[in-house]
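Reviewing the structure listed below.
The first residue in the sequence is number 1, and the count goes up from there. Just so you know, ligand 1 is whichever comes first in the structure, and atom 1 is the first atom listed for that ligand. Fair warning: this is a prediction, and the values are worked out from it, not measured in the lab.
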Amino acid sequence: MNFEKWLEYSEEVMQAKESGKAIVALESTIISHGMPYPQNVETTKEVEEIIRSQGAVPATIAIINGKIKIGLTEDEIEFLAQSNEVEKASRRDLPYLLASKKHGATTVAATMICANLAGIDVFVTGGIGGVHREAETTMDISADLQELAQTNVAVVCAGAKSILDIGLTLEYLETHGVPVVGFETDTLPAFYTRTSPFSVNFKVDSTEEMAAMIAAKRDLQLDGGVVIANPIPEEDALEESFITSVIEAALAEAKQQGIAGKAVTPFLLGKVKELTDGKSLTANIALVKNNAKVGAGIAVQLNEIS
Ligand code: PSU
Ligand code: MN
């Protein structure tokens, strides 16, 4: 296949592929543009360790020197975490970054594409992009949603952040036939909080149940992703009225400064961190680790039935 020449597997991921071990994809925008240094490096390493401890192999994905890396070395993680030459890379950015041998930190959309090319079915992250508030005038809808509409990778996240219009995000996913599944919950979590005013489409109570659903979807050749929404642990959740007022303030500032395009999400995350005195970052780290545990469990189960 032509795409093979662009892929470079780490030793660990290559061995996992050869021995048929479960593999879990991880994104890199969260490293380069979603969290500050050094928490980004520490979190990546801890998340990878959690996945290993559950019997799966982590494959953190990024573009380095125009190659799609499936699994990163410690030096590569360190590079992504510190360099300012790493572009935020979504679907539209991949051909340019590859052809010009540049570096890219892959978003949910781009990580799904690369995971799919590498034959990886399960992907763990913190939050997905979605339909932004006031999208009716800005048309700001993340390419993540369009990817979920077409690429066969299940994405474990902590629900949709309220920097987004959660209701419109759910409508978009419904139109494209993307199931939104609550892991041990009926309510869609909102990233920093365990609940939101919205319901999920289905609730599953175990990684086995979740894997069975992904397998059924595959049997029917229903292309597209699945959103698996796993609530932040109770002890790490932020108080709802607190985080809501912070998000309102961050949105107002983004608007006032005229932030647009791919800068919107990183700007809002940075502002929220600043306004919460780092509490949002602590919550973000906790929820990603929690997602890693669940995602690895699903990958292991899915591997057994495939
Ligand atoms: N949400 C987070 N942290 C992140 C992102 C989202 O809490 O780092 C990143 C993900 O990589 C996601 C991307 O795919 O932002 C969405 O960006 P945009 O809205 O520009 O599509
Ligand atoms: Mn956008």
**Asked** Are a donor atom and an acceptor atom from the side chains of Thr138 and Glu134 found within less than 3.5 Å of each other?
**Response** no

**Prompt:** Can you name the residues that form a ring-ring contact (aromatic ring centres under 6.0 Å, His included) with His132, not counting sequence neighbours?
**Reply:** none

**Asked** When you measure from atom 21 (O) of ligand 1 to every protein heavy atom, which one gives the shortest distance, and what is it?
**Response** Ser142 OG, 2.6 Å

**Request:** Would you check if there is a donor-acceptor pair between the side chains of Glu240 and Thr193 at a distance under 3.5 Å?
**Result:** no

**Complete:** Here the salt bridge (Lys or Arg N to Asp or Glu O under 4.0 Å) pairs for residues 174-190, sequence neighbours left out, are none

**Message:** Quiz question: by atom type and distance under 3.5 Å, do the side chains of Ser241 and Glu239 form a donor-acceptor pair?
**Reply:** yes

**Prompt:** Going by distance only, is there an N or O of Lys161 that falls short of 3.5 Å from an N or O of ligand 1?
**Reply:** yes

**Asked** Considering only heavy atoms of Asp144, which atoms of ligand 1 have at least one such atom less than 4.0 Å away?
**Response** 12 (C), 14 (O), 16 (C)

**Prompt:** What's the shortest distance from atom 19 (O) of ligand 1 to any protein heavy atom, and which residue and atom give it?
**Reply:** Thr265 OG1, 2.7 Å

**Metal environment of the Mn ion (ligand 2), protein N/O/S under 2.8 Å** = Asp140 OD1

**Request:** Say whether His132 and ligand 1 are in contact under the criterion: heavy-atom distance to a ligand atom below 4.0 Å.
**Result:** yes

**Prompt:** If you measure every N/O of Asn284 against every N/O of ligand 1, is any gap under 3.5 Å?
**Reply:** no

**Request:** Would you kindly say whether Ser28 and Thr106 are connected by a side-chain donor-acceptor distance under 3.5 Å?
**Result:** yes

**Nearest heavy-atom neighbours spanning Phe191 and Leu287** = O-CD2, 3.4 Å

**Message:** Checking one residue: Val180. Which other hydrophobic residues are in its cluster under the side-chain 4.5 Å linking rule?
**Reply:** Val108, Met112, Phe123, Ile128, Val131, Ile141, Leu145, Leu148, Val153, Val155, Ile166, Leu168, Leu170, Tyr172, Leu173, Val178, Leu188, Phe198, Val200, Val227

**Asked** Heavy-atom distance to atom 17 (O) of ligand 1: which of Lys262, Glu27, Lys88 wins?
**Response** Lys88

**Message:** Just by distance, no angles: are the side chains of Lys279 and Tyr192 close enough, under 3.5 Å, to form a donor-acceptor pair?
**Reply:** no

**Asked** If hydrogens are left out, which of Ala110, Gly127, Gly34 has an atom nearest to atom 5 (C) of ligand 1, that is, the closest non-hydrogen atom?
**Response** Gly127

**Distance-only side-chain donor-acceptor flag, Glu48 / Thr60, under 3.5 Å** = yes

**Sidechain N-carboxylate O distance under 4.0 Å for Asp93, Lys88** = no

**Message:** Can you check which of Ile141, Thr29, Leu164, Leu145 brings a heavy atom nearest to atom 9 (C) of ligand 1?
**Reply:** Thr29

**Prompt:** Are Lys45 and Glu49 ion-paired here, with the side-chain N under 4.0 Å from a carboxylate O?
**Reply:** no

**Message:** Regarding ligand 1, does Phe191 bring an N or O atom to under 3.5 Å of one of the ligand's N or O atoms?
**Reply:** no

**Request:** Give the contacting part of Met35 toward ligand 1: side chain, backbone, both or neither, where contact means a heavy-atom distance below 4.0 Å.
**Result:** neither

**Asked** Who's the nearest protein heavy-atom neighbour of atom 3 (N) of ligand 1, and how far?
**Response** Leu269 CD1, 3.3 Å

